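As a basis for the values below, the full set of heavy atoms in this structure was taken, side chains included, without hydrogen atoms, waters or symmetry mates. Just so it is clear, the model here is predicted, and its values are computed rather than measured.
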Amino acid sequence: MSKLRKSARGRDCTVRIVGICNFNPETTVLAHLGGGGMGRKKHDIHGAFCCSSCHSAIDGAIKTGFTKEYLELAHHQGVERTQDMWLEDGLITVKQ
């Protein structure tokens with residue numbers, strides 16, 4: 001398991017879908033953006049800290065009433081928040 005995946009343990013959800021998020025850090029995993037195909041994941045840099053409820057919503061396992069576009073936007077915003085946290089924690093760096 002990569003250091004980025006491990007860093008999701010115990011963290012707050014960064015996806016935060018309104019009315020869906022369970023705000024339980026014990027259920028948080030690294031949720032990858034789509035596009036890798038069934039059973040294939042994009043690189044971990046394209047993941048967000050995501051609680052089990054938000055993860056079920058973005059994967060389509062539960063009906064939310066939100067559009068696919070809204071759920072994708074929430075996921076992308078979560079990726080940005082997660083990357084900011086990784087930068088602060090020194091898990092990723094940006095070449096200057």
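The hydrophobic cluster containing Leu71 also contains Val15, counting ILVMFWY residues as joined when their side-chain heavy atoms lie under 4.5 angstrom apart, directly or transitively.
Every residue two or more places apart in sequence or in another chain was checked for a side chain to side chain donor-acceptor pair (under 3.5 Å) with Asn24, and none qualifies. When the side chain to side chain donor-acceptor pair (under 3.5 Å) test is applied to Ser56, no partner is found at least two apart in sequence or on another chain. Not a single side-chain contact (heavy atoms from CB on, under 4.5 Å) links Glu80 to another residue, sequence neighbours left out. For Thr14, the side chain to side chain donor-acceptor pair (under 3.5 Å) partners two or more places apart in sequence, or in a different chain, are Thr82. Residues that satisfy the side chain to side chain donor-acceptor pair (under 3.5 Å) test with Arg11, not counting sequence neighbours, are Asp89.
Nearest heavy-atom pair, Ser53 versus Ile62, reported as atom, atom and distance to 0.1 Å: O-CD1, 3.9 Å. In plain terms, the two heavy atoms of Asn22 and Cys51 that are nearest each other are OD1-CB, 3.3 Å. Taking all atoms of both residues into account, the shortest heavy-atom contact from Gly10 to Pro25 is O-CB, 3.4 Å.
Hydrophobic side-chain contacts under 4.5 Å tie Ile45 into a cluster, directly or through other members, with Leu4, Leu30, Phe49, Met85, Trp86, Leu87, Leu91, Ile92, Val94.
For residues 3-30, no residue pair satisfies the ring pair (Phe, Tyr, Trp, His ring centres under 6.0 Å) rule, not counting sequence neighbours. Sorted by first and then second residue, the ring pair (Phe, Tyr, Trp, His ring centres under 6.0 Å) pairs involving residues 62-84 (not counting sequence neighbours) are Phe66-Tyr70.
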Q: Quick one: do His55 and Ser52 satisfy side-chain contact (heavy atoms from CB on, under 4.5 Å)? Show the steps, please.
A: CA-CA 5 Å; His55 200 195; Ser52 59; 5.5 Å; no
Q) Under the side-chain contact (heavy atoms from CB on, under 4.5 Å) criterion, do Arg16 and Arg81 qualify, and how do the steps go? A) CA-CA 11 Å; Arg16 306 176 191 154; Arg81 290 182 192 110; 3.1 Å; yes
